[in-house]
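To start, the structure under review is shown below, and the notes come after it.
Order of listing sets the numbers, starting from 1, for every ligand and every atom in it.
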Amino acid sequence: MFNALHPTASGTRFNISYEFFPPKTAEMEAQLWASVKRLEALKPHFVSVTYGAGGSTRERTHAIVARIARETSMKPAAHLTCVSSSKEDIDDILNAYWDAVVRHIVALRGDPPSGVGTTFEPNPKGYATSSDLVRGIRRLHDFEISVSTYPEGHPESRSIEQDLDALEAKIDAGATRAITQFFFDNDVYFKFLDKARARRIAIPIVPGIMPIRNFKQVANFAAKAGASVPRWIAERFEGLDEDPETRALVAAATAVEQVMGLARAGVEEFHFYTNNRADMVFAICHLLGVRPLREKVDA
Ligand code: FAD
């Protein structure tokens, strides 16, 4: 079905990464670690942990990332934003990661503290843009640095060209991988990729895949995040508000369709927004051929 395999972390031609967020309750914490354990078996390239809006999860993000580094075989990546932090604060956070043997940062500007849609006012002693942050990280330690990118344009951008300018600035500052905002129409991604490659942007632009567990929530989030929800996706979830079981099956089928479409077109890297749950992404990876290595059983 696919081209000849070449080895990646997963043992297939695919490089997979998973994103988690810092949970708020003990119950959600248990779910996070159960998911981390289950997905570890698939040998992801890396796993990332988000940083709460306004830096609200500074300690919790650090604790989870450091525990993944300490207790699992996976390489963690810590999300970090410029919001509300001075350059000195950022240096402290980075030094703590370096000491915890964390070597990968997902560097972001972050949303304006006064809310999405308002003007971003940087901390007077902090970094003003994501590219400034990347430069600051690069200056301090030899971290691997991933950044975001927006195939449909960041809500504050006037054009896709402006997003590509921003991506180029981040690469010039030292970023080596871009992870996309989620999207549901693969053509959006292919067009963006064509524009990026036409500009000689050569770093991996890894599609961010968001399984739609809760359509209303995802649609609300998409409206703020610079992602469109095609009409045909909305139609698939119509009438399922009170039917979580069917919704989960439709969500899995929709995500599988999207990922297989990308894979057929030659995409070999995927970043999954897991919502701290393993089941759906585990199944998608299974279909991609990314599976736990079987232990050799002696006869
Ligand atoms: P940027 O690429 O910095 O773009 C933001 C705006 O600034 C754009 O309009 C862009 O054109 C402009 N711009 C960029 N660089 C420059 C420059 N050098 N000069 C002038 N203008 C510039 N948010 C969190 O709070 N925590 C997270 O953990 C988190 N993780 C994310 C992970 C991914 C993969 C993605 C796609 C988003 C994530 N976000 C997170 C959301 C993100 O913080 C917001 O979308 C934020 O509004 C923009 O930050 P950015 O670094 O993604 O965007």
Side-chain angles (χ1 to χ4, degrees), residues 17-23 46-58 60-62 64-65 76-85 90 93 97 104-123 126-138 145-183 188-189 192 195-196 201 203-210 218 221-227 269-276:
S17 52
Y18 304 114
E19 184 176 302
F20 302 102
F21 67 87
F46 66 91
V47 291
S48 77
V49 182
T50 61
Y51 195 69
S56 54
T57 63
R58 175 171 168 172
R60 279 186 291 144
T61 298
H62 180 92
I64 296 166
V65 169
H79 291 222
L80 182 60
T81 73
C82 311
V83 180
S84 310
S85 295
I90 297 278
I93 294 171
Y97 279 128
H104 185 171
I105 303 290
V106 181
L108 305 139
R109 186 199 69 181
D111 284 325
S114 42
V116 176
T118 62
T119 306
F120 182 82
E121 302 287 354
N123 177 317
Y127 294 106
T129 66
S130 46
S131 50
D132 290 342
L133 175 63
V134 172
R135 203 166 292 107
I137 298 170
R138 188 54 77 226
I145 305 174
S146 297
V147 291
S148 65
T149 195
Y150 295 82
E152 296 181 83
H154 183 271
E156 291 166 45
S157 289
R158 285 182 302 277
S159 65
I160 294 290
E161 295 309 318
Q162 197 184 330
D163 282 282
L164 289 166
D165 289 345
L167 180 56
E168 274 178 348
K170 293 190 262 194
I171 296 167
D172 290 346
T176 54
R177 173 188 300 96
I179 301 169
T180 76
Q181 182 59 283
F182 63 86
F183 56 89
V188 160
Y189 171 76
F192 183 73
K195 285 191 176 149
I201 291 175
I203 64 166
I205 298 179
V206 183
I209 304 295
M210 169 86 88
V218 170
F221 184 42
K224 291 182 196 145
E269 298 191 59
F270 295 95
H271 182 78
F272 289 101
Y273 298 110
T274 65
N275 203 23
N276 289 359

Worked check of side chain to side chain contact (heavy atoms under 4.5 Å, CB included) between R177 and H271: CA-CA 11 Å; R177 173 188 300 96; H271 182 78; over 6 Å; no
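- Using a 4.0 Å cutoff on heavy atoms, F120 does not count as a contact of ligand 1.
- Annotation: salt bridge (charged side-chain N to carboxylate O under 4.0 Å, His left out) contacts involving residues 148-159, sequence neighbours excluded, comprise R109-E156.
- Among protein heavy atoms, atom 2 (O) of ligand 1 sits closest to K170 NZ, 2.6 Å.
- Counting only non-hydrogen atoms, the option in T81, I179, T129, V147 that gets closest to atom 20 (C) of ligand 1 is T129.
- Close contacts of ligand 1 with T50, meaning ligand atoms under 4.0 Å from a residue heavy atom, involve 28 (O).
- Ring geometry for Y273 against F182 counts as perpendicular: the plane angle is over 60°, on a 0 to 90° scale with 30° as the lower cut.
- There is a protein heavy atom less than 4.0 angstrom from atom 27 (C) of ligand 1.
- Taking all heavy atoms of A78, P155, S157 into account, the minimum distance to atom 10 (C) of ligand 1 is reached by S157.
- At distances below 3.5 Å, not a single donor-acceptor pair connects side-chain atoms of T149 with backbone N or O atoms of I179.
- In this structure, OG in S130 is found 11.5 Å from CG in L80, a value given to the nearest 0.5 Å.
- Among protein heavy atoms, atom 30 (N) of ligand 1 sits closest to H79 ND1, 3.1 Å.
- The protein atom (non-hydrogen) at minimum distance from atom 49 (O) of ligand 1 is G110 N, 3.3 Å.
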